[in-house]
Amino acid sequence: MSKFWTGRFEGYSFDHFKKDLLSGTIVGIVAIPLAMSFAIASGVKPEYGIYTAVIAGILISLLGGSKYQIGGPTGAFVPILLGIVISYGYENLLIAGLMAGVMLVLMGVFKLGVLIKYIPRPVTIGFTAGIAVIIFTGQISNFLGLKGIEQHERFIDNMKEIASHLNTMSIYSILVAAICFVIMLLTPKVLPKVPGALVGIIVSSVVTALFFSGQVATIGSTYGAIPNSLPSFGIPEITLDRIQMLIGPAFVIAMLGGIESLLSAVVADGMTNSKHNSNRELIGQGIANIVTPFFGGIPATGAIARTATNIKSGATSPMSGVIHGVFVLLTLLVFAPLATHIPLAALAPVLMMVAWNMSERKHFAHILKLKSGDSLVLVITFLLTVFTSLTVAVEVGLLLAIILFAKRMSEMLVVSKVLPDHESSNGKVLPHVVSPNHDCPQVSIYTVEGPLFFGAAQTFEQSILSSINAKPKVLILRLRKVPFIDTTGEEYFRNIITDFKSHGGTLLVTEVRPSLKLAMDQSGLTNEIGEQNFFVHTGDAINCALGCINRSACLGCKHFAFKECAELACSKKPVKPKEVETTLV
């Protein structure tokens, strides 16, 4: 722990604090409207988003594994949390968030942070783009000012709800949303360092109060006043039945939270040339999600956009994240009564812009243009996220990615029958030497390239069996380009050994990698083949094979593949291994 803290605050000075104070304040300003917007979009009161930004934001900065990570409520969680609130209620959301926190801590303790990187990119882009679509379409009703809208868990049901209430749209809400949207686009051009979302919300709120008072739904008219006080501590009622009921939703929150936080940390590493601790990051995220529900907060994770803003604003340490949380808290205590006048129509374009920015549209289009297996994984994950659920989308996406990966790996396996090319200077064994008119029925040599795993093991066996059926005296397998073998590959290899020995043949193995040899030792294949039948060089194995062949057997060769066999047939003299000069690579 001491090294961890020393590394994060080593050489910290007052100048560093001033930079953190500025960056933390800027991020705090950005976080306030987003925290309320994400909470409302998740189906809970806006103050719960503020509580999350304060408590989770501070804890993630203090306990996480990245110096620059900013934590809080994020858009990625919106469809997940909304679905839980609709199906189970707000209190059960708190319990699910707490359970997810425990899962994240356990993932960090057991050092599972590295596993996140094995989730294929098409899967993450697919469900991220799907979440963006859900967030964007979820704000159409607020943008248009539709009345009597009921939130549903399914995308299709929400679209039907919007379509059936289009006759209730309000021109005032559309004007307010348009004003906010235009200001959000213009502010970065005029005032690059000022958050456009905040300016847009302030201006549209003032316009609403002056010209459209009572005509546009606000936070206060919809959710009541935001309390300008510290969040109260409360323990949700946790029962075994609730735990069993919420284990699935909690796992989804934990997995998505882990993925989002580590992706955000990776982005921070790229921007600062630093290195985060993935397992410590999971532990910090977990502790934050365990504590936050006791104060009414919703699940939190690392926020990529706010983390990037933090770095661009000059942050030097986790202190900027702590300052960001304190700033949000002070703003809540001082300006909460004013926040009740914010129109929901002004928050709609803010969330729509968030959805647009998180949609990964460029990466989505790039993978789609490839028209490959990755494109299929991307589209299916995206469609399932939108039309079913994130859980189904990730499960199916991962399964499909694994199947396609196994197929690609199996296609990498090449089994080639080879013979020495005596026209070459070094006598290499090559596939083109083998032909119907040039082969040796006594010695079969195969070069195997690629992994011997469950997807390719049967191909390997079938390729070798064709030679076994011809009943050669010696079978030589060159395994230099076999990186690994799994239990399925071992079993098929064992079948080859058994079949070949049943014909009275001798199996020789050459050029085995140390890692592959270790696997063969552990599985017992080495004992079944015989340690004496392993050779470093293929040339030595051929010498052994020729020395083992009976002289009369070679007299029966119609087409001699080895000049030694031809010499043996003519001279009728036995060939000793030491007399053979064959250099092979």
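In what follows, every heavy atom counts, from backbone to side chain, and hydrogens, waters and symmetry copies are set aside.
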Q) What do you reckon, is NZ of Lys517 surrounded by more than 12 foreign heavy atoms closer than 6.0 Å? A)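 For Lys517, atom NZ is crowded (more than 12 foreign heavy atoms under 6.0 Å).
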In chain order, what residues pass the ring pair (Phe, Tyr, Trp, His ring centres under 6.0 Å) check against [X], with sequence neighbours excluded?
X	result
Tyr492	none
Phe484	none
Phe460	Phe493

Answer whether the closest heavy-atom distance between the side chains of [X] and [Y] falls below 4.5 Å.
X	Y	result
Leu146	Ile162	yes
Trp356	Met352	no
Leu93	Pro299	yes

With ring pair (Phe, Tyr, Trp, His ring centres under 6.0 Å) as the rule and sequence neighbours excluded, what pairs involving [range] come up?
range	result
residues 31-77	Tyr48-Tyr90
residues 376-395	Phe155-Phe387, Phe364-Phe382
residues 92-151	none

Check [X] against [Y] and note the closest heavy-atom contact, atom names and distance.
X	Y	answer
Met103	Phe251	SD-CA, 3.6 Å
Ser61	Pro318	O-CB, 3.2 Å
Ala456	Pro451	CB-O, 3.8 Å

Q) Atom CE of Met36 and atom CG of Leu344: how far apart are they, to the nearest 0.5 Å? A) 10.5 Å
Q) About how many Å separate OG of Ser164 and CD of Glu150, when rounded to the nearest 0.5 Å? A)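 So the gap between those two atoms works out to 10.0 Å.
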Q.
Does this structure show an ion pair linking Lys407 with Glu411, if we count only N-O contacts that are shorter than 4.0 Å?
A.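 Looking at Lys407 and Glu411, the cut-off is met.
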Q.
Using a 3.5 Å distance criterion without hydrogens, assess whether the side chain of Gln69 forms a donor-acceptor pair with backbone atoms of Ser264.
A. no
